[in-house]
Structures are given as structure tokens and as C-alpha cells.
Student: 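Before anything else, here's the structure in question.
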Amino acid sequence: MFTFDMDGVSGMLRRDPNIANRPSVLSQGEFGPTVGTPRILDLLESYGIPATFFIPGYVAEHHPGAVHSVHGRGHEVAHHGYLHEPPASLGSREEEASILDRASKILARITKQPVLGYRSPSWDISEWTLDLLAERGFAYDSSLMDNDVPHSIARRGTKLVELPVHWSLDDAPYYSFNPAVGRVGPLLSPQIALDTWIWEFDRVYASGTAFMLTMHPYLSGHHSRLEALERLIKHIRSHPNVEFMRCIDVARLIPGRATRGTKLRARTK
Ligand SMILES: [Zn+2]
């Protein structure tokens, strides 16, 4: 699973609303939906890879064309808060529910489809998040590090799948550098990110399970990082019996009952 969190400026505005008056700082986020995403879509298309884009409602409102492009090219559009609010930072279940529903409506209005996937901003859910998702019929969450294999986390008789993530399989710890919002490195070479991801993929491949990579268009949309991503694609494609899948399609393979360590078998080749 290749996933792209199209944060745009939402995360920095959530952290400090005064950044709205700082065009240089904002421009680093704006690069994501306006420049990074089209480049990533072209790269994915050239290899026939379907992916999942987690898009905050605020970013979708300001860049509906980018959401249309993602959806129109066969990728999944999924939930990532409204203004990138980490659920654990919210004051109440009601406030979290209201943000969840507001952003779902925005995405559904653009794609004309219900939103079935959720990834919490900053991977920091609250005590209520999973129940709120289950009540609303979400198919999966992708915010936990309790395992590295997709599995069911059935909630009160409702099916909900967890598609686990990890910071080492996220481009931000390698690439993020924005002193204005307190992100000061380490700004590593794409080679270091690529090496880590290839090492992880090779062991995941040997175990026959699932590889989940999280990227951000405002980070991975830059040329050297796109080169790393393309090299990773070539490495993965050199292995037989691998399938690139959208998160929703993986979630649908997981049985409804609570499971641990489900083996996934590629459906093609
Ligand atoms: Zn994010």
C-alpha cells in the first residue's frame, strides 16, 4: 500500500493560526496539492499503481481539483481530519464527531462516494475515535502501531480493520524541515529513506504479508524524493506475486472477526 497524506497547509495552520500571515511558510505546504500531487499521480500512472490519499477537509475545500484528479485517476480518497486535528488533542467526543462528519461530507461532496477509510492526523487517536468510526460504517483505520500486519479490531459487533503504520515507513521523519513550525530535521538523504524501506519490504515480502508506506506530497513531491520512490517501485516490481493495492481493497480482504497476523495472498500473477 502506497499512501499519501495530502496535508497541504492544514497541519501548520492547526499548530499556529498566525501562520496564515506568513506566505513563505505556507508555500511549503501549498506545494503538496499544487505541485507534488500532480507529479506523484503521473509517476503512479506510469507504473499502473493504485494508491490511497488521505486528505484533510480543509485542503479538499481549497483544492477540489486535486481531489478530483486523485479520485478520477482511480485512487482512493480517505479521511484525514478537517484541519489536521489530532483526535487526542480534542476536548470531547462531540467535538471529534463533528469534525469527523464535517470532513466526510466535504470529501463525499467532491467524489460522490462515501468515505470509508480513516487515518488520524499525527497518528494520535482519542479514546473515542475507533467507536466513532465503527458507528459511521468506516471500513478501516490506519493510525496504530500495535502490529505490522492488517487485522480486524471489531468494535461492538461492527467490522473495523486496522491497517498499521510506523514512523520508519513515513517520509516525514526523513524529509521534514520547517523551522517556523518547530520541525528542524534531520533532513536526511532520500537514499537513507529508500534503504530503510527496501530492507523492510524484503522482510515483509519473505513473510507474505503487507507493506504500508506513508508519504506526503509536500515532501515526497520534490525531485530527489520522487527518484527514491521510483527506485522503490522498481525494487518491489522485481519480485513476483506482489500487488499494489488501495487501503480499502486490503481492508476488504480481512475477515470481520478479531484476528492477528492474517496472511495476505496477492490476487494476481
Ligand atoms: Zn497528516
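Since this is a predicted model, take the numbers as computed values, not measurements. When reading the values below, keep in mind they use all heavy atoms of this one structure, side chains included, and skip hydrogens, waters and symmetry mates.
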Student: Evaluate the criterion ring-ring contact (aromatic ring centres under 6.0 Å, His included) for residue pair H80 and H84; output intermediate values, then yes/no.
Tutor: CA-CA 7 Å; H80 198 47; H84 209 274; 4.8 Å; yes

Student: Taking side-chain contact (heavy atoms from CB on, under 4.5 Å) as the criterion, tell me which of T52, V70, V115 meets it with E76.
Tutor: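 Output: one option passes, namely T52.
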
Student: May I ask you to decide whether R73 forms a salt bridge with D42, counting only side-chain N to carboxylate O separations under 4.0 Å?
Tutor: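 D42 and R73: salt-bridged.
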
Student: I want to know whether F4 and F54 have ring centres closer than 6.0 Å.
Tutor: no

Student: State whether the side chain of E200 and the backbone N or O of F211 hold a donor-acceptor pair below 3.5 Å, judged by distance alone.
Tutor: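 Between the backbone of F211 and the side chain of E200 there is no qualifying donor-acceptor contact (under 3.5 Å).
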
Student: Determine whether a donor-acceptor pair (N or O, by modelled atom type, separation under 3.5 Å) exists between the side chain of Y218 and the backbone of V9.
Tutor: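 Pair absent, no side-chain N/O of Y218 close to backbone of V9.
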
Student: Looking at Y175, is R225 sitting on its ring face, NZ or CZ under 6.0 Å from the six-membered ring centre and within 45 degrees of the normal?
Tutor: yes

Student: Any side-chain to backbone donor/acceptor pair from S122 onto D124? Under 3.5 Å, distance only.
Tutor: no

Student: Taking the side chain from Y58 and the backbone from G81, do they hold a donor-acceptor pair closer than 3.5 Å?
Tutor: no

Student: Would you please test R119 and T3 for side-chain hydrogen bond (donor to acceptor under 3.5 Å, both in side chains) and show each step?
Tutor: CA-CA 10 Å; R119 170 172 289 161; T3 64; 2.9 Å; yes

Student: Test side chain to side chain contact (heavy atoms under 4.5 Å, CB included) on L26 and N21; report intermediate values, then the result.
Tutor: CA-CA 8 Å; L26 287 175; N21 304 317; over 6 Å; no

Student: Check for a donor-acceptor pair, side chain of S104 on one end and backbone N or O of D101 on the other, with a separation under 3.5 Å.
Tutor: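 Flag not set: sc S104 to bb D101 has no pair under 3.5 Å.
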
Student: Check step by step if ring-ring contact (aromatic ring centres under 6.0 Å, His included) holds for F201 and H239.
Tutor: CA-CA 11 Å; F201 171 80; H239 295 67; 5.1 Å; yes

Student: Mark yes or no for whether T37, through its side chain, and G32, through its backbone, hold a donor-acceptor pair below 3.5 Å.
Tutor: yes

Student: Whether the side chain of S220 engages the backbone of P217 through a donor-acceptor N/O pair (distance < 3.5 Å, no angle test) should be reported.
Tutor: no

Student: Run the side chain to side chain contact (heavy atoms under 4.5 Å, CB included) check on L43 and I233 step by step: do they pass?
Tutor: CA-CA 10 Å; L43 179 65; I233 291 170; 4.2 Å; yes

Student: Between E30 and R22 (salt bridge meaning N to carboxylate O under 4.0 Å), is one present in this structure?
Tutor: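 R22 and E30: not salt-bridged.
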
Student: Closer than 3.5 angstrom, by distance alone: can the side chain of H151 be matched with the main-chain N or O of V149 as a donor-acceptor pair?
Tutor: yes

